[in-house]
Engineer: 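Quick one: the structure is below, questions incoming.
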Number of protein chains: 2
Amino acid sequence: MSEIIELCRQAREASYALSAASRATKDAALHAMAAALRANTDQIVAANAKDVAAARESGTPGSTVDRLALDPARVDAMAAGLEQLAGLVDPVGEVVRGYTLPNGLELRQVRVPFGVVGIIYEARPNVTADAAGICLKSGNAVLLRGSSSAAESNAAIIAVLRSAAAEAGLPEDVIQGVPGDRAAVKELMQARGLVDVLIPRGGAGLIQTVVMESTVPVIETGVGNCHVYVDEDADLDLALTILLNAKTQRPSVCNAAESLLVHASVASEFLAKALPALAEAGVTVHGDPAIVAAGNDVVAVTDEDYGKEYNSLDLSAAVVDSLEAAVEHIRKYSSAHTDAIITRSQAAARRFVQAVDSAAVVVNASTRFTDGGEFGFGAEIGISTQKLHARGPMGLPEMTSTKYVVIGEGQIRS
Amino acid sequence: MSEIIELCRQAREASYALSAASRATKDAALHAMAAALRANTDQIVAANAKDVAAARESGTPGSTVDRLALDPARVDAMAAGLEQLAGLVDPVGEVVRGYTLPNGLELRQVRVPFGVVGIIYEARPNVTADAAGICLKSGNAVLLRGSSSAAESNAAIIAVLRSAAAEAGLPEDVIQGVPGDRAAVKELMQARGLVDVLIPRGGAGLIQTVVMESTVPVIETGVGNCHVYVDEDADLDLALTILLNAKTQRPSVCNAAESLLVHASVASEFLAKALPALAEAGVTVHGDPAIVAAGNDVVAVTDEDYGKEYNSLDLSAAVVDSLEAAVEHIRKYSSAHTDAIITRSQAAARRFVQAVDSAAVVVNASTRFTDGGEFGFGAEIGISTQKLHARGPMGLPEMTSTKYVVIGEGQIRS
């Protein structure tokens, strides 16, 4: 048996005890994990220093090195995140629906853990603690495969979390790192039956690879090409405030706006204010001919631009003749993450909300709110952009499946 | 563009109008489809006669030919199924949860159609009308790929349904058949982004192929290796009644029992009654040494037997030393469809229900109840044996995704 299959089997075995654990036990484990992270800060920061040194040596860009680096404050934030999870309601055991059938059978649909969850991620080492905590709280054994650039950091964090979980009475194999090369990851993606769900967290390339190569069911996360549509009935000051916030408040994230659509009847008035304001905020606008004509520093947009998640201070922009044309543009180019309309018209809002098939459809607010924290979920493992199982920010309930419990007194079918 | 991709694009385009259709429109279409099936009975039966003749000619077994054959009564039953769907609540638009965020944003999670659903099936031609109706009612455009042995029947049914849908004001492309060879099916399975969900309905081979080759998200359905565990605290008469019903009432279906586990402390008493009763019902028992010793006509069981979905009057059987040993056996061999315990003990029932991770866990009743009709769903597209999205019988709500609708008045993130 390969090392990866062996890890998966250990995770499955450990998942049985975890799925039966009470909320009290799981919360105690989360507190123990938080305390252990704090107690082992020096060791974690020292391991991280090796990753940081290797990244610097290999010429990694400064912003990437910054995301990789841990200091005591960041370790403390990881611990605080685990403590926060302990305060959340346990999704396991929730009765989703239930009733008594005509023959007297009592039927309940009850939330249960998936079992074994694989997380494949590129991001900062804090994802390691975060994902481990969310999986533990939702009753799932987790297989963590982080970036090789964070290997030392992740190994140190996982070792600390495992022994803390064991101290709290859970099998340490509820949390495991996945070692090895790309072949090992491929094996993980093919471990159907042993791994219940795979969640890739990272850039479009990683997600595409997992989606294409995995036979384990996947929850696709995160690519965001979000639109702001300024309707003919928009309050234009409000539209500008929202657009600037959606584009510039944190341009590197998936719920930042990447594209502006303006109704033709308000285009000249809106653009007269918006283009200078965007320029002042450092935004490069890639516009269609109408937009280019309306401003000084507008770059001509390409079809590729419309489909892009810039993650930078760039914005594609087009003038549209109607709400329906805006919807059509969004259907063609949006990644179906978050799309917003700015309008005072109830009818326009209703049409837009019905017609735009995205994980989040927003009326008169920034796209930046599509987030587990902002939505009040308390925790988030990622933002699903697929339609199966979970869509939008995924909190603890989205990390569960259900089963039907059927209680009878001898009922048979006739 | 290939023919299949073109079909997918037509389905996507048609899905926009369907997703916006009111329940009244959809129900009118279902009634029109039912009426059209009845009005075109002769034509459908004539098309079916060609399939039946071809099947007979190629030496297809009589039972398979019988499943393929349509007569006016069967066409009428298909129509009645569509009318029944019209009476069910529309899942689209249901608010799954909703609240107002601290910043005043109104958040609602609302059921929406998937968009485009592909159904790949082997079964009887009535699945064509059934699947088309369920998809239409849940707002999904459907691509139907039936067995080539039913090609004439399916084409006739689809033509009738399409024109009836069009008469009711929906685009006819909300229902389409998928023509072509295996390469066409492969293309359908790879049409990620154009097809939202694929549901294979049929034997283990078909399901395995779809799972392995598809990049479109799949809902796996149907293989059932169901267990009946007779606990030490079981009412043995009740256990026998349930076992006989679960095994023999309709042995060819996925929720029929395939395996019996008996606690050692009641084994001799139970088997003394059960083995003759099973033999009398025509059941061949494949037993472990303890079972072989207890009966006359028991065949020695193999490890392969324990994992088998017989779909016939065969039953694997073993004596176990404890409830935990029963659970371990089920974890090893069950297809996680439906597993039952027969016990008078509240504690044993609780332990079994917690530990057995199957789509349905049954206490003191037949496994045969795991069914959309029996569960009161009114319709069923299949029984999911995976943990993602839907588990157990899938009714109309399981044929939907959700989106978040966020209504504000200028909220931005700070």
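Predicted model, so just to flag it, every value in this text is computed and none were measured. Labels below follow one simple rule: chain letters A, B, ... track the order of the sequence lines, proteins then strands, and each chain is numbered from 1.
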Engineer: Give the minimum heavy-atom separation between Ala365(A) and Gly408(B), together with the two atoms involved.
Structural biologist: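 Minimum heavy-atom separation between Ala365(A) and Gly408(B): CB-CA, 4.4 Å.
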Engineer: Using only atom types and a distance under 3.5 Å, with no angle test, would you say the side chain of Lys387(B) pairs donor to acceptor with the backbone of Pro217(A)?
Structural biologist: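 No: the side chain of Lys387(B) does not pair with the backbone of Pro217(A).
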Engineer: Considering only heavy atoms, which portion of Glu213(B) lies under 4.5 Å from any heavy atom of chain A: side chain, backbone, both, or neither?
Structural biologist: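 Neither part; nothing is under 4.5 Å.
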Engineer: Could you check whether any side-chain heavy atom of Tyr404(A) comes within less than 4.5 Å of a side-chain heavy atom of Pro393(B), counting everything from C-beta outward?
Structural biologist: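 The answer is yes; the side chains approach within 4.5 Å.
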Engineer: Where does Ala360(A) contact chain B at under 4.5 Å (heavy atoms): side chain, backbone, both or neither?
Structural biologist: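 Answer is both: backbone and side chain atoms of Ala360(A) are under 4.5 Å from chain B.
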Engineer: Anything in residues 331-354 of chain B with a heavy-atom distance to chain A below 4.5 Å? Please list those residues in order.
Structural biologist: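 At a heavy-atom separation under 4.5 Å, chain A is reached by Arg331(B), Val353(B), Gln354(B).
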Engineer: Quick one: are Arg192(B) and Gln386(A) in side-chain contact, heavy atoms under 4.5 Å?
Structural biologist: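 Of all side-chain heavy-atom pairs linking Gln386(A) with Arg192(B), at least one is under 4.5 Å.
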Engineer: Side chain, backbone, both or neither: which part of Ala20(B) has a heavy atom under 4.5 Å from chain A?
Structural biologist: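 Both parts, backbone and side chain.
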Engineer: Which bit of Val218(B) is near chain A, if near means a heavy-atom gap under 4.5 Å: side chain, backbone, both or neither?
Structural biologist: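 Looking at Val218(B), just its backbone touches chain A.
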Engineer: Got a second to check how far Arg391(B)'s CZ is from Ser401(A)'s OG, nearest 0.5 Å?
Structural biologist: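 If we round to the nearest 0.5 Å, Arg391(B):CZ and Ser401(A):OG are 4.5 Å apart.
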Engineer: Can you tell me how far CZ of Arg413(A) sits from OG1 of Thr370(B), rounded to the nearest 0.5 angstrom?
Structural biologist: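 Here the interatomic distance stands at 9.5 Å.
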Engineer: Using heavy-atom distances under 4.5 Å, tell me whether Glu398(A) contacts chain B through its side chain, its backbone, both, or neither.
Structural biologist: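 Contact with chain B involves the side chain of Glu398(A) alone.
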Engineer: For chain A, which candidate among Asp237(B), Leu238(B), Asp371(B), Thr400(B) shows the most heavy-atom pairs at distances under 4.5 Å?
Structural biologist: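 Winner by heavy-atom pair count: Leu238(B).
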Engineer: Quick one: does any side-chain atom of Tyr99(A) pair with a main-chain N or O of Phe375(B) as donor and acceptor, under 3.5 Å?
Structural biologist: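 Yes; judged by distance alone, with no hydrogens or angles, the pair exists.
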Engineer: If I compare all heavy atoms of Arg97(A) with all of Phe377(B), which pair ends up nearest, and what's the gap?
Structural biologist: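 Arg97(A) and Phe377(B) have their closest heavy atoms at NH2-CZ, 3.7 Å.
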Engineer: Side chain, backbone, both or neither: which part of Arg250(A) has a heavy atom under 4.5 Å from chain B?
Structural biologist: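 Neither; nothing under 4.5 Å.
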Engineer: Could you give me the CA-CA distance, side-chain angles and deciding distance for Arg368(A) and Ile412(B), then say whether side-chain contact (heavy atoms from CB on, under 4.5 Å) is met?
Structural biologist: CA-CA 8 Å; Arg368(A) 292 274 294 109; Ile412(B) 57 171; over 6 Å; no
Engineer: Listed by residue number, which members of residues 101-113 of chain A have a heavy atom under 4.5 Å from any heavy atom of chain B?
Structural biologist: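 Hits under 4.5 Å: Leu101(A), Asn103(A), Leu105(A), Leu107(A), Val112(A).
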Engineer: Roughly how far, to the nearest 0.5 Å, is the OG atom of Ser414(A) from the CG atom of Asn245(B)?
Structural biologist: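 If I round to the nearest 0.5 Å, the distance is 8.0 Å.
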Engineer: Looking at Arg12(A), Lys403(A), Gln190(A), which makes the most heavy-atom pairs under 4.5 Å with chain B?
Structural biologist: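 Most pairs with chain B among the choices: Lys403(A).
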Engineer: What closest approach, in Å, do Phe114(B) and Asp357(A) show between heavy atoms, and which atom pair accounts for it?
Structural biologist: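 So the two residues come closest at O-OD2, 4.3 Å.
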Engineer: Given that the side chain runs from C-beta out, which part of Val356(A) has a heavy atom under 4.5 Å from chain B: side chain, backbone, both or neither?
Structural biologist: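 Interface part for Val356(A): backbone (N, CA, C, O).
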Engineer: Do Leu388(A) and Ile219(B) come within less than 4.5 Å of each other through their side chains, counting heavy atoms only?
Structural biologist: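 Yes; the side chains approach each other to less than 4.5 Å.
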Engineer: Just so I know, are the side chains of Ile407(B) and Asn364(A) near enough to count as touching, which here means a heavy-atom distance under 4.5 Å?
Structural biologist: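 SC-SC contact between Ile407(B) and Asn364(A) ruled out.
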Engineer: Let's test your reading of the structure: which of Ser366(A), Ala359(A), Ser214(A) forms the most heavy-atom pairs below 4.5 Å with chain B?
Structural biologist: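 The candidate making the most pairs under 4.5 Å is Ala359(A).
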Engineer: Given a strict heavy-atom distance threshold of 4.5 Å, which part of Asp235(B) is in contact with chain A: side chain, backbone, both, or neither?
Structural biologist: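 No part of it gets close to chain A.
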Engineer: So for Ser358(B), is it side chain, backbone, both, or neither that comes closer than 4.5 Å to the heavy atoms of chain A?
Structural biologist: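 Backbone only.
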Engineer: Under 4.5 Å, counting heavy-atom pairs only, tell me which of Met212(B), Glu374(B), Glu409(B) racks up the most with chain A.
Structural biologist: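 Looking at each option in turn, the highest pair count goes to Glu374(B).
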Engineer: Please say whether more than 12 non-hydrogen atoms of neighbouring residues, nucleotides or ligands are located less than 6.0 Å from CD in Glu324(B).
Structural biologist: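 Count over threshold, so yes.
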